Every structure is written in C-alpha cells, then in structure tokens.
Number of protein chains: 2
Amino acid sequence: MRRPSERTEPVPEATSHRLSLLLRSLRGLESAGVHTASSFEIAARYGLNSAQIRKDLAQFGEFGVRGLGYRVHELKAALKALMGLDRTRVLGIAGAGNLGQALADSRNFNAEGFRVAALFDLDGRKIGGRSRTGVPIRDISTLEEAVRELGIEIGIIAVPAEGALPIAQRMAAAGIGALLNFAPVTVPALPGLLVKNVDLTFFLENLSFQLAVTKA
Amino acid sequence: MRRPSERTEPVPEATSHRLSLLLRSLRGLESAGVHTASSFEIAARYGLNSAQIRKDLAQFGEFGVRGLGYRVHELKAALKALMGLDRTRVLGIAGAGNLGQALADSRNFNAEGFRVAALFDLDGRKIGGRSRTGVPIRDISTLEEAVRELGIEIGIIAVPAEGALPIAQRMAAAGIGALLNFAPVTVPALPGLLVKNVDLTFFLENLSFQLAVTKA
DNA sequence: TGCTGTGAAACCGTTCACAGCT
DNA sequence: AGCTGTGAACGGTTTCACAGCA
C-alpha cells in the first residue's frame, strides 16, 4: 500500500460526498455478509461509476486486490480512518431551538464517530436543562470554557442569522477546528477554522427553481 | 430582453446555488437602498466571480444595462419569477419529530415563496395537534387527500430511514412534484418527481474528513 | 467611459479503455 | 480470467478578455 499523501489542499466537495456514499455502500455490503466486492458492485448501489470510485480511492492509497476486488471490511476500516471516523469527534451546538435540539437528539449525530456533548443557548429558561435524549443545555457565555472542558472539535450553528457570525468568531477563537453553519448567512472560512455553510432554504429554492424551469 | 428559453434539462446544481446567493445579495443591496449595481458589486459580497453571474443570467435572458449595471429591484423581481418564488409554494412535511417540527416552524420555510401547510405523523398522540407556530399535524394515512385539499407541491421527508422510500412513492403517486429528503437514505428520482437528497450526516463527515486530511 | 454579454482559453472532474498484477 | 490502478480522451464549468452598446 502506497503512503497516503500529506496533502494540505482541501478535498473536493464531490469526492468527500462520494466517499460518504461509498462508506454507506460498504456498510450495506458488510451487513449483508459480503466479504469481497468489486468497485462495480460497490458503485452500482448508489449509481456511481466504478472508475470514479477507484480514482477517488487512488488519491489516498491502494486499497484493492487486482483480479479480486476489495475486501469489504478492510476497505471500510481504511475509509473510516481516512475520514477521521475511527474515533469519536465531539460536537457542540449553538442554539437550543427546534433545529438545535433536533440535531442534538439525532441518532446520526450521535453515532459512527460523532457525539453531541452540549447545546448552548442564551434563554435562561432553557439553560441548565437537557434535550430529550439528555444533552445538557449550557449558557452560551460559557462556550469557550466548555470547548476546553468537553474537548469540542466541531461546532454547529443553529441560531438565527444575526447570531451566526459572532458565534463563529468565538468558536474560532476558542480553538474549534470546524464549523457547520445552518444559519441563513454565509460564514466565511476563518483562519484555522473550516466552515461549511448549509442553508436549508437553498435546497427548497433549488427545487422550486427546477419545478419552475422544467414544468414551464 | 431575449425570450427565456423553454428548457427541459435540469438546471445545474451549481447554477441554482449561485442564483440563491445572488438573490440574497440583491436583497441586501435593496435594503441598503442601492438602486443600481454592477455584476462585480453583486458578486463581491459572496465571493463569486462577476463573469459567472453574467453567464448564469445569460442563460435566461438579458437583464442588465450596458455601461450601467443592473437595476437591483428589477433584477430581483426577475430572478424571483425565474426561480418560481413569485408565488407561494405549499409544503407538506412527513415526520413531526424534532426535525420536522423545526422545519415547519422555521421562518425560512414560511417566507419568500414558501408556506408549510401540514405535518404528517403516525403517532396518535401527535395527530390532531399543532406545532408551536400552529402547523396542524395530520395522520400520515391522510397524506393523499391532504395533498389534494391543501395543494401541496413540495414534500419534505423528515422520518427515519425505513419510512422514507414508501412515503416518497406515496407522494409521487399523490401528484407532488418535488421532494426534499432528509432521511439518511438515497431516494431515487421517480417519474414526475424531482428528488433532492440532503443527508445532514454527510456534511459532518465532510468536515471530519477535511479535519483529518488537512490537519494530518 | 463603464459595464454587459459572450466567444475563446484554461481548468477541473468524469468516463473510457487498457496495461499490468493476482 | 478478472479486476485494479491509471494515462488519455472527453465534457462541462469557470475564468479571461474584449467587442459592442448605453
């Protein structure tokens, strides 16, 4: 197996997305009891091209066996390590509103490498309480110390638009490495802070647009 | 102004995303009292390239004035019409859990062209009730008639993975035109149904991956 | 003059097709 | 024989650069 390259450039969005899909495909194969699969078999279930999967993987090493394919369990483990999912990343969510609590209690945000350690809010009635599944709601003014205490590595912003940028800056200053922003503003990537802006409205607008354009 | 083309091909994801950004930029300019702006000024605030904006718009007509730029209000109106946001699209959300209710009550899903008409669930304790802002929760078995009665055009899936596909099929059969799926499974585009799969876990995995790769 | 609209060039990601290993 | 890993071809998108219009 070739040395994984020490790259500093960010991974293309599309590649990252496909690797998530790939991981999901491998989970499916594994729980179906399949030990070995070709890139074609792996790709087929998610409509991907087999060459593309091989290319994606080739960026990080050689994971397959010629003439045979990939050993499912082995590739899955390698992929998880590659994606940093071989250990648990601690998440902190700013905003204990509907969305924040939904994410905090989500099974997807508390499995396979992630764990929500705390919610943060400024509403005194919420502070000190817990989400339905027991995630504590802390005063947002204690963000910095909580990041240190709990070892929060990824911050999630689920507050109204006005609050997003100041909180992002505080998170960056507190040493958080990455940020997932659901507020409808574009938070710029700050030095040392990876930012992913996810505006749910955009997905709706996208659909509306497709409807408007195709069913003219 | 050139005739907008009657296209049948779907609009590229990237274009759609930029148009949403563009619309946001125009809103900002308008509320700042700016009447006229060049493509450069419009693009700058979201880190876009001005030529790209002009190219994007060129696909749908000629909206600018040479030597002057774009009249902000006029372009905004044209863009909203283009994106089908000049009228209110009715939304229906399957799944009245945390996420479903968060979306139903979200200001972003109840403004600028969208309105959530109903939530659907199969939990008898929820059925008949309302979300915090008053969106009624109906029995999911009444989905088909609700689509007709309320005129639901876009469906949103916020149920666990197992439920997603069957509900998507029922929505398609009921005549819904587009679907936004938040369940962690890939719902394929069905005949007559536009599908957008949004797996929130993927965004987290993406960040984890970037962290793992850049801070090797 | 100043900006749009747009061909042409550069870039990037995807797909093809096959050499080479098992 | 079968499948990976990859160079080469392809296609689409982004950026450049400027002709042409207000």
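By convention in this document, chain letters (A, B, ...) are assigned in the order of the sequence lines, proteins followed by strands, and residues within each chain are numbered from 1. This is a predicted model, so every value here is computed, not measured.
- In plain terms, the two heavy atoms of B:Val65 and B:Arg71 that are nearest each other are CG2-NH2, 4.0 Å.
- Counting only residues at least two apart or in different chains, ring-ring contact (aromatic ring centres under 6.0 Å, His included) contacts with residues 163-204 of chain B comprise A:His17-B:Phe202.
- No side-chain donor-acceptor contact under 3.5 Å links B:Thr186 and B:Asn197.
- Across the protein-nucleic acid pair, B:Asp56 atom CG and D:dT15 atom P stand 11 Å apart, rounded to whole Å.
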Base-contact (B) and sugar-phosphate-only (S) positions in nucleotides 17-22 of chain D, heavy-atom cut-off under 4.0 Å, - elsewhere: B--BBS
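- Taking every heavy atom of residues 31-44 of chain A and every atom of DNA chain D, pairs under 4.0 Å involve A:Ser38, A:Ser39, by number.
- Salt-bridge annotation for A:Glu112 and A:Arg24: absent, with no side-chain N of the basic residue lying under 4.0 Å from a carboxylate O of the acidic one.
- Side chains of A:Asp56 and A:Gln52: a donor-acceptor N/O pair is absent below 3.5 angstrom, by distance only.
- Per the geometry, CD belonging to A:Glu13 stands 16 Å off P belonging to C:dC12, to the nearest Å.
- Dense packing is recorded around CZ of A:Arg27, with more than 12 heavy atoms of other residues, nucleotides or ligands lying under 6.0 Å away.
- Using a 3.5 Å distance cut-off with no hydrogens or angles, the side chains of A:Ser39 and A:Arg54 do pair a donor with an acceptor.
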Distances under 3.5 Å between protein N/O atoms and the N/O atoms of nucleotides 11-13 of chain D, please, pair by pair.
none

Could you go through residues 161-174 of chain A and list every donor-acceptor pair under 3.5 Å that involves a side-chain atom there, pairing it with any protein atom two or more places apart or in another chain?
| residue | atom | partner | partner atom | Å |
| --- | --- | --- | --- | --- |
| A:Arg170 | NE | A:Glu144 | OE2 | 2.9 |
| A:Arg170 | NH2 | A:Ile140 | O | 2.8 |
| A:Arg170 | NH2 | A:Glu144 | OE1 | 3.0 |

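- Taking the C1' atoms of five terminal pairs at each end of the helix from C:dT1-D:dA22 to C:dT22-D:dA1, the two resulting helix axes are inclined by 0°, rounded to 10°.
- In this structure, CZ of A:Arg71 is placed 12 Å from P of C:dT22, rounded to the nearest angstrom.
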